[in-house]
Amino acid sequence: PRSDPQPPRTQGGRVTPHDLNAEKSVLGALLITPDRIVEVSEIARPDDFFDRRNRLLMEVMLRLDARGQVVDQLTLLSNLRAVNALGEIGGVSYLTEVAAMVATSAHVKHHAALVAELAKLRGLIDASNHIIARAFETPPDSEEVQTLIDESEASIFQIASKGEARGAASVSSEMRN
(Lines give C-alpha, C1' and ligand atoms only; values in the text may rest on other atoms or scores of the structure.)
Protein backbone atom coordinates (compact mmCIF):
# COMPACT_ATOMS: atom_id res chain seq x y z
CA PRO A 1 0.00 0.00 0.00
CA ARG A 2 1.25 3.45 -0.96
CA SER A 3 0.83 6.38 1.38
CA ASP A 4 0.94 9.70 -0.46
CA PRO A 5 2.67 12.66 1.15
CA GLN A 6 0.66 14.98 3.31
CA PRO A 7 -1.14 17.43 1.02
CA PRO A 8 0.27 20.94 1.30
CA ARG A 9 -1.74 23.10 3.65
CA THR A 10 -2.82 26.31 2.00
CA GLN A 11 -3.43 29.74 3.44
CA GLY A 12 -5.17 32.20 1.22
CA GLY A 13 -4.35 29.96 -1.76
CA ARG A 14 -0.68 29.79 -0.74
CA VAL A 15 1.19 26.64 0.21
CA THR A 16 2.67 26.70 3.70
CA PRO A 17 6.48 26.67 3.81
CA HIS A 18 8.12 23.25 3.55
CA ASP A 19 10.89 21.46 1.67
CA LEU A 20 10.32 17.74 1.23
CA ASN A 21 13.73 17.26 -0.38
CA ALA A 22 15.47 18.79 2.64
CA GLU A 23 13.49 16.48 4.92
CA LYS A 24 14.42 13.40 2.88
CA SER A 25 18.04 14.60 2.70
CA VAL A 26 18.24 14.76 6.50
CA LEU A 27 16.84 11.25 6.85
CA GLY A 28 19.01 9.86 4.05
CA ALA A 29 22.10 11.42 5.60
CA LEU A 30 21.27 9.83 8.95
CA LEU A 31 21.01 6.44 7.28
CA ILE A 32 24.51 6.99 5.86
CA THR A 33 25.97 8.40 9.10
CA PRO A 34 23.74 7.45 12.04
CA ASP A 35 26.25 8.78 14.57
CA ARG A 36 25.00 12.28 13.63
CA ILE A 37 21.50 11.63 15.02
CA VAL A 38 22.15 13.45 18.31
CA GLU A 39 23.65 16.40 16.44
CA VAL A 40 20.64 16.60 14.10
CA SER A 41 18.11 16.13 16.91
CA GLU A 42 19.53 19.28 18.53
CA ILE A 43 18.48 21.17 15.40
CA ALA A 44 15.29 19.49 14.13
CA ARG A 45 12.65 17.45 15.95
CA PRO A 46 10.28 14.95 14.39
CA ASP A 47 7.39 17.43 14.60
CA ASP A 48 9.43 19.88 12.50
CA PHE A 49 8.99 17.55 9.53
CA PHE A 50 6.07 18.61 7.34
CA ASP A 51 5.52 15.22 5.70
CA ARG A 52 4.06 12.72 8.17
CA ARG A 53 6.11 9.91 6.59
CA ASN A 54 9.33 11.78 7.30
CA ARG A 55 8.15 12.65 10.81
CA LEU A 56 7.51 8.95 11.48
CA LEU A 57 10.91 7.92 10.11
CA MET A 58 12.67 10.49 12.31
CA GLU A 59 10.73 9.29 15.37
CA VAL A 60 11.73 5.68 14.72
CA MET A 61 15.38 6.65 14.12
CA LEU A 62 15.48 8.55 17.42
CA ARG A 63 13.81 5.66 19.25
CA LEU A 64 16.31 3.16 17.83
CA ASP A 65 19.23 5.41 18.72
CA ALA A 66 17.90 5.94 22.27
CA ARG A 67 17.78 2.16 22.72
CA GLY A 68 21.34 1.82 21.45
CA GLN A 69 20.22 -0.07 18.36
CA VAL A 70 21.76 0.25 14.92
CA VAL A 71 20.05 2.86 12.75
CA ASP A 72 20.11 1.61 9.18
CA GLN A 73 17.65 0.80 6.43
CA LEU A 74 17.22 -2.83 7.50
CA THR A 75 16.60 -2.02 11.18
CA LEU A 76 14.18 0.77 10.25
CA LEU A 77 12.31 -1.60 7.95
CA SER A 78 12.13 -4.26 10.66
CA ASN A 79 10.88 -1.80 13.29
CA LEU A 80 8.30 -0.26 10.97
CA ARG A 81 6.98 -3.75 10.16
CA ALA A 82 6.88 -4.67 13.86
CA VAL A 83 4.59 -1.75 14.67
CA ASN A 84 2.55 -2.10 11.46
CA ALA A 85 3.72 1.32 10.25
CA LEU A 86 5.50 0.36 7.01
CA GLY A 87 2.40 1.23 4.99
CA GLU A 88 2.20 4.64 6.68
CA ILE A 89 5.49 5.69 5.10
CA GLY A 90 4.70 4.30 1.66
CA GLY A 91 6.41 0.95 2.05
CA VAL A 92 9.86 -0.25 1.14
CA SER A 93 9.94 1.92 -1.97
CA TYR A 94 9.72 5.17 0.02
CA LEU A 95 12.39 4.03 2.48
CA THR A 96 14.62 3.15 -0.49
CA GLU A 97 13.93 6.58 -2.03
CA VAL A 98 14.95 8.31 1.21
CA ALA A 99 18.07 6.17 1.55
CA ALA A 100 19.13 7.05 -2.01
CA MET A 101 18.46 10.78 -1.55
CA VAL A 102 22.04 11.77 -0.67
CA ALA A 103 25.52 10.42 -1.23
CA THR A 104 27.04 12.14 1.81
CA SER A 105 25.99 13.53 5.16
CA ALA A 106 28.21 16.61 4.76
CA HIS A 107 25.27 19.04 4.60
CA VAL A 108 22.97 17.38 7.13
CA LYS A 109 23.19 20.26 9.64
CA HIS A 110 22.25 22.78 6.96
CA HIS A 111 19.31 20.66 5.80
CA ALA A 112 18.17 20.03 9.40
CA ALA A 113 18.27 23.78 10.09
CA LEU A 114 16.19 24.39 6.97
CA VAL A 115 13.60 21.86 8.17
CA ALA A 116 13.50 23.53 11.61
CA GLU A 117 13.23 27.08 10.25
CA LEU A 118 10.41 26.10 7.88
CA ALA A 119 8.60 24.54 10.85
CA LYS A 120 8.94 27.85 12.70
CA LEU A 121 7.45 29.68 9.73
CA ARG A 122 4.50 27.25 9.69
CA GLY A 123 4.13 27.82 13.42
CA LEU A 124 4.09 31.58 12.91
CA ILE A 125 1.43 31.24 10.21
CA ASP A 126 -0.73 29.02 12.44
CA ALA A 127 -0.31 31.32 15.45
CA SER A 128 -1.01 34.41 13.34
CA ASN A 129 -4.18 32.90 11.93
CA HIS A 130 -5.33 32.04 15.44
CA ILE A 131 -4.52 35.58 16.62
CA ILE A 132 -6.44 37.09 13.70
CA ALA A 133 -9.48 34.91 14.37
CA ARG A 134 -9.41 35.79 18.07
CA ALA A 135 -9.00 39.52 17.28
CA PHE A 136 -12.20 39.45 15.24
CA GLU A 137 -14.04 37.75 18.12
CA THR A 138 -12.64 39.81 21.04
CA PRO A 139 -14.89 42.53 22.41
CA PRO A 140 -13.34 46.02 22.61
CA ASP A 141 -12.90 45.74 26.35
CA SER A 142 -9.44 46.79 27.58
CA GLU A 143 -9.05 43.70 29.77
CA GLU A 144 -10.10 41.33 26.95
CA VAL A 145 -7.81 43.07 24.46
CA GLN A 146 -4.86 42.93 26.86
CA THR A 147 -5.50 39.22 27.47
CA LEU A 148 -5.43 38.63 23.71
CA ILE A 149 -2.19 40.61 23.39
CA ASP A 150 -0.58 38.65 26.24
CA GLU A 151 -1.68 35.30 24.80
CA SER A 152 -0.54 36.32 21.32
CA GLU A 153 2.85 37.41 22.61
CA ALA A 154 3.24 34.11 24.50
CA SER A 155 2.40 32.04 21.41
CA ILE A 156 4.92 33.92 19.27
CA PHE A 157 7.57 33.72 21.99
CA GLN A 158 7.01 29.97 22.26
CA ILE A 159 7.80 29.59 18.54
CA ALA A 160 10.86 31.85 18.82
CA SER A 161 12.25 29.95 21.81
CA LYS A 162 11.71 26.49 20.31
CA GLY A 163 15.28 26.18 19.03
CA GLU A 164 16.78 27.54 22.25
CA ALA A 165 14.96 24.92 24.33
CA ARG A 166 16.29 22.16 22.06
CA GLY A 167 19.86 23.22 22.57
CA ALA A 168 19.46 23.40 26.34
CA ALA A 169 17.71 20.02 26.48
CA SER A 170 20.39 18.44 24.33
CA VAL A 171 23.21 19.86 26.45
CA SER A 172 21.60 18.54 29.64
CA SER A 173 21.07 15.09 28.12
CA GLU A 174 24.67 15.01 26.94
CA MET A 175 25.88 15.93 30.43
CA ARG A 176 23.91 13.01 31.89
CA ASN A 177 25.61 10.59 29.47
Does R122 count as lying over the ring of F50, i.e. NZ or CZ under 6.0 Å from the six-ring centre, within 45 degrees of the axis?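 The answer is no; the distance or angle limit is not met.
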Would a single hydrophobic cluster contain both M101 and I89, if residues Ile, Leu, Val, Met, Phe, Trp and Tyr are joined by side-chain heavy-atom contacts under 4.5 Å?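 No; tracing contacts between hydrophobic side chains, which count when under 4.5 Å, never links both residues.
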According to a hydrophobic-cluster definition based on side-chain heavy atoms being under 4.5 Å apart (Ile, Leu, Val, Met, Phe, Trp, Tyr only), do Y94 and V102 belong together? no
Test side-chain contact (heavy atoms from CB on, under 4.5 Å) on N54 and V26; report intermediate values, then the result. CA-CA 9 Å; N54 298 334; V26 168; over 6 Å; no
For [X] and [Y], indicate whether the former's side chain and the latter's backbone hold a donor-acceptor pair under 3.5 Å.
| X | Y | answer |
| --- | --- | --- |
| T33 | D35 | no |
| H107 | S105 | no |
| S78 | L74 | no |
| E39 | K109 | no |
| R36 | V108 | no |

Basic-acidic side-chain contact under 4.0 Å: [X], [Y]:
| X | Y | result |
| --- | --- | --- |
| R134 | E151 | yes |
| D47 | R45 | no |
| R55 | D48 | no |
| E88 | R52 | no |

Please report the closest heavy-atom contact between [X] and [Y], naming both atoms and the distance.
| X | Y | answer |
| --- | --- | --- |
| A44 | A112 | CB-O, 3.6 Å |
| Q73 | A99 | OE1-CB, 3.4 Å |
| A22 | H111 | O-CB, 4.0 Å |

With a 4.5 Å heavy-atom cut-off, do V92 and R81 have their side chains touching? yes
Are any non-hydrogen side-chain atoms of P17 and I125 less than 4.5 angstrom apart? yes
Which pairs of donor and acceptor atoms, one on a side chain in residues 56-71, lie under 3.5 Å apart (sequence neighbours left out)?
from: R67; atom 1: NH1; to: Q69; atom 2: OE1; distance (Å): 3.2

With distance as the sole criterion, is a donor-acceptor pair present between the side chains of T147 and D150 under 3.5 Å?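 Short answer, no.
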Approximate separation, where rounding is to 0.5 Å, of [X] [atom1] and [Y] [atom2]:
| X | Y | atom1 | atom2 | answer |
| --- | --- | --- | --- | --- |
| T16 | L124 | OG1 | CG | 12.5 Å |
| K24 | D19 | NZ | CG | 10.0 Å |
| L27 | L95 | CG | CG | 9.5 Å |
| K162 | E117 | NZ | CD | 10.5 Å |
| K120 | I159 | NZ | CD1 | 10.0 Å |
| I32 | D72 | CD1 | CG | 12.5 Å |

Derivation and outcome, side-chain contact (heavy atoms from CB on, under 4.5 Å), residues I131 and I156: CA-CA 10 Å; I131 292 166; I156 299 297; 4.3 Å; yes
Atom CD of E143 with >12 non-hydrogen neighbours under 6.0 angstrom: no
Go through the steps for L148 and V145 under the test side-chain contact (heavy atoms from CB on, under 4.5 Å), then give the verdict. CA-CA 5 Å; L148 175 60; V145 171; 5.7 Å; no
